[in-house]
Amino acid sequence: EGHLYRFERTLPVGTLLRHVEASHVAAFVNSPKPTTKSGGGGGEAAPETKKRRLASVQHFLGWCVSRGLRLDNPAAGTALPKSPAARRAH
């Protein structure tokens, strides 16, 4: 199951493409990991997962703008939360 399919499932029922907002994108990007059939998963998604989610939605909505399906790309201004600074052992 791909990122766009999961994004669509996080939208309120009946949301049309033209009604997708930046808040919908941010909620999806920062959503927890999906649970597995065995009950595993959940918890916060890794930073790389969030980057892939955002890139997928940004690309799709950019494509929609280029085809005239939307006037703007609500994902374009969505920023990822800062990752905690890595600590080096000295």
Side-chain angles (χ1 to χ4, degrees):
E1 148 179 317
H3 291 302
L4 292 178
Y5 178 73
R6 285 195 296 273
F7 175 61
E8 186 267 335
R9 289 192 356 209
T10 65
L11 296 171
V13 174
T15 301
L16 300 175
L17 181 60
R18 67 178 176 254
H19 296 141
V20 173
E21 299 174 356
S23 61
H24 296 129
V25 175
F28 168 66
V29 168
N30 295 304
S31 64
K33 292 187 286 188
T35 55
T36 61
K37 290 180 183 177
S38 61
E44 187 170 352
E48 287 301 315
T49 299
K50 291 179 181 184
K51 286 180 188 177
R52 280 193 306 273
R53 288 175 179 174
L54 181 57
S56 296
V57 175
Q58 281 177 333
H59 183 77
F60 171 68
L61 292 172
W63 178 86
C64 291
V65 170
S66 72
R67 298 296 189 265
L69 301 174
R70 278 195 63 101
L71 298 176
D72 65 336
N73 182 345
T78 304
L80 292 170
K82 297 283 184 189
S83 298
R87 299 182 73 186
R88 285 199 257 168
H90 292 285

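A side-chain contact (heavy atoms from CB on, under 4.5 Å) with Val29 holds for exactly one of Lys51, Arg52, His24, Lys50; it is Lys50.
The shortest non-hydrogen separation linking Ala45 to Ser31 is CB-O, 4.0 Å.
Electrostatic pairing of Arg53 and Glu48 does not count as a salt bridge here, judged by no charged N lying under 4.0 Å from a carboxylate O.
Atom CG in Asn30 sits 9.5 Å away from atom OG1 in Thr78 (nearest 0.5 Å).
In the displayed structure, Leu16 atom CG is contacted under 6.0 Å by more than 12 heavy atoms of other residues, nucleotides or ligands.
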Can you give me every donor-acceptor pair (side chain of residues 57-69, partner residue at least two apart or in another chain, under 3.5 Å) with its distance?
from: Gln58; atom 1: NE2; to: Ala75; atom 2: O; distance (Å): 3.0
from: Ser66; atom 1: OG; to: Trp63; atom 2: O; distance (Å): 2.7

Listing, residues 4-13 side-chain donor-acceptor contacts under 3.5 Å, not counting sequence neighbours, or none:
from: Arg6; atom 1: NH1; to: Glu1; atom 2: O; distance (Å): 2.6
from: Arg6; atom 1: NH2; to: His3; atom 2: ND1; distance (Å): 3.1
from: Arg9; atom 1: NH1; to: Glu1; atom 2: OE1; distance (Å): 2.9
from: Arg9; atom 1: NH1; to: Glu1; atom 2: OE2; distance (Å): 3.3
from: Thr10; atom 1: OG1; to: Phe7; atom 2: O; distance (Å): 2.7

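Contact of the Thr49 side chain with the Lys33 side chain is not registered, since no non-hydrogen atoms from C-beta on lie closer than 4.5 Å.
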